[in-house]
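Computed from a predicted model, the values in this text were never measured in an experiment. First listed ligand is number 1; within each ligand, the first listed atom is number 1.
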Amino acid sequence: MNAVTPASFPALPAPIGLLAELTHRCPLRCPYCSNPLELDRRSAELDTATWQRVLAEAAGLGVLHVHLSGGEPTARQDIVDITRTCAELGLYSNLITSGVAGALDKLDALYDVGLDHVQLSVQAVEAANAERIGGLKNAQPQKFAFAERVTALGLPLTLNAVIHRGNIAEVPALIDLAVRLGAKRLEVAHTQYYGWAYVNRAALMPAKADVDRSIRTVEEARERLKGQLVIDLVVPDYYAKYPKACAGGWGRRLMNVTPTGKVLPCHAAETIPGLAFWHVQDHALAEIWADSPAFRAYRGTDWMQEPCRSCDRREKDWGGCRCQALALAGDAAATDPACSLSPLHGKVQALAIAESALETAPDYQYRTIGGAPRAAVPEGAPV
Ligand code: SF4
Ligand code: FES
């Protein structure tokens, strides 16, 4: 494995993955989107040559996987050129797409230049529900046609379904859909409450009993579909016992480049006040990985407070999620309140139970560029 050598982390391993947020433009308007509330405009996006330089630097640094993401990455006119560059550099490319609005027209060209993998989002199985959640009419047949072409080309297909109150009853049908569409993998990903999802939390929070049922459904299907379909399950933080190792641990495995070239340790890092993010226009990626103040802020374990500091799981989950700690505890260096050892854990669970029990869920605040959400849950509000 390549290694970079900043002064204070002599054995710092290279990142494994690069999340390339090519654009925030997207034909869908999902209320659970983890993109920031202030979305970048097209006029501020990096140009093709800069992305290609960033990819070359990533390969030089030791990155193996590039996730071509957004927004909707196929909204970029140069998506084929960017994907070709990944292939030329030996980077495994994963297209994270909604599969609508012209994505299908570009798919064969992407395959021809060496695209390795497709991750297609589905909002639900039942078309009217899917299109209500995604905020785009006629999306469902386009997605199915896209999936059909992916498998016809022999490209591996993963379906990604973000689960919440509005579609949790459809988990069994989503599993059947993945089989029907020929997917090799299905991600049953309970909503993570960042960005637009945080604002829409009360509309999205599922009941604990429904969450438990969805987990049992996945466990049963994993047995039944062994060898045919792999099912990844992301459990909902607010009902968890221990938190996830967010982004694989801060500054350990991933780099996230925004449409304008800011480099983040995770997709929501900009919500943490006081962090300085370096840009690809000003610094090489290796320099950012090693020395950017934002990457160094929560790398390792030195920054931890109790109970993380003396916990034997601290190098398993790295204290959970810094952005969630900020949002719920008001301190990015606190133990993630998703952890049952956090003093705030009980309050977080109570909040989830109260929101999920609302008789009528609030209307969605759909993701829009330039649209100001009425922040039902202001970011940075401690529980
Ligand atoms: Fe992880 Fe910290 Fe909880 Fe221990 S106390 S399980 S390190 S979040
Ligand atoms: Fe930022 Fe988890 S999303 S650390």
query = Using a heavy-atom cut-off of under 4.0 Å, does the side chain or the backbone of Pro243 touch ligand 1, or both, or neither?
reply = side chain
inquiry  = Give the atom numbers and elements of ligand 2 that come within less than 4.0 Å of a heavy atom of Cys323.
reply    = 1 (Fe), 3 (S), 4 (S)
task = Heavy-atom contacts with Cys266 under 4.0 Å: which atoms of ligand 2 show up? List them by number with element.
result = 1 (Fe), 3 (S), 4 (S)
Closest approach of any protein heavy atom to atom 6 (S) of ligand 1, naming residue and atom = Asp317 OD2, 3.2 Å
task = Mark yes when over 12 heavy atoms from residues, nucleotides or ligands other than Tyr111 sit less than 6.0 Å from its OH; otherwise mark no.
result = no
message = Any N/O/S atom, side chain or main chain, of Cys308 closer to atom 4 (Fe) of ligand 1 than 2.8 Å?
response = no
note = The option among Ala245, Gly251, Cys246 carrying the non-hydrogen atom nearest to atom 2 (Fe) of ligand 2 is Cys246
Geometric cation-pi criterion Arg299 and Trp289, 6.0 Å radius, 45° cone = yes
message = If the cut-off is 2.8 Å, does any N/O/S atom of Cys339 fall short of it from atom 2 (Fe) of ligand 1?
response = no
query = Taking atom types as modelled and ignoring hydrogens, do the side chains of Glu306 and Ser310 form a donor-acceptor contact shorter than 3.5 angstrom?
reply = yes
inquiry  = Against the six-membered ring of Tyr198, is Arg201 placed for a cation-pi contact (under 6.0 Å from the centre, within 45° of the normal)?
reply    = yes
task = Evaluate whether atom CD of Gln305 has more than 12 neighbouring non-hydrogen atoms of other residues, nucleotides or ligands under 6.0 angstrom away.
result = yes
inquiry  = Give me the nearest non-hydrogen protein atom to atom 4 (Fe) of ligand 1 as residue plus atom name, then the distance to 0.1 Å.
reply    = Cys311 SG, 2.3 Å
query = Does some non-hydrogen atom of Asp336 fall short of 4.0 Å from ligand 1?
reply = no
task = Just say parallel, tilted or perpendicular for the rings of His117 and Tyr92, cut-offs at 30° and 60°.
result = tilted
ask   = Donor-acceptor pair, His345 side chain versus Cys339 backbone, under 3.5 Å?
value = yes
ask   = In ligand 1, which numbered atoms sit nearer than 4.0 Å to a non-hydrogen atom of Arg314?
value = 7 (S)
remark   = atom 4 (S) of ligand 2 sits nearest the protein heavy atom Arg322 N, 3.3 Å
inquiry  = Any donor-acceptor pair under 3.5 Å linking the side-chain atoms of Thr23 with those of Glu72?
reply    = no
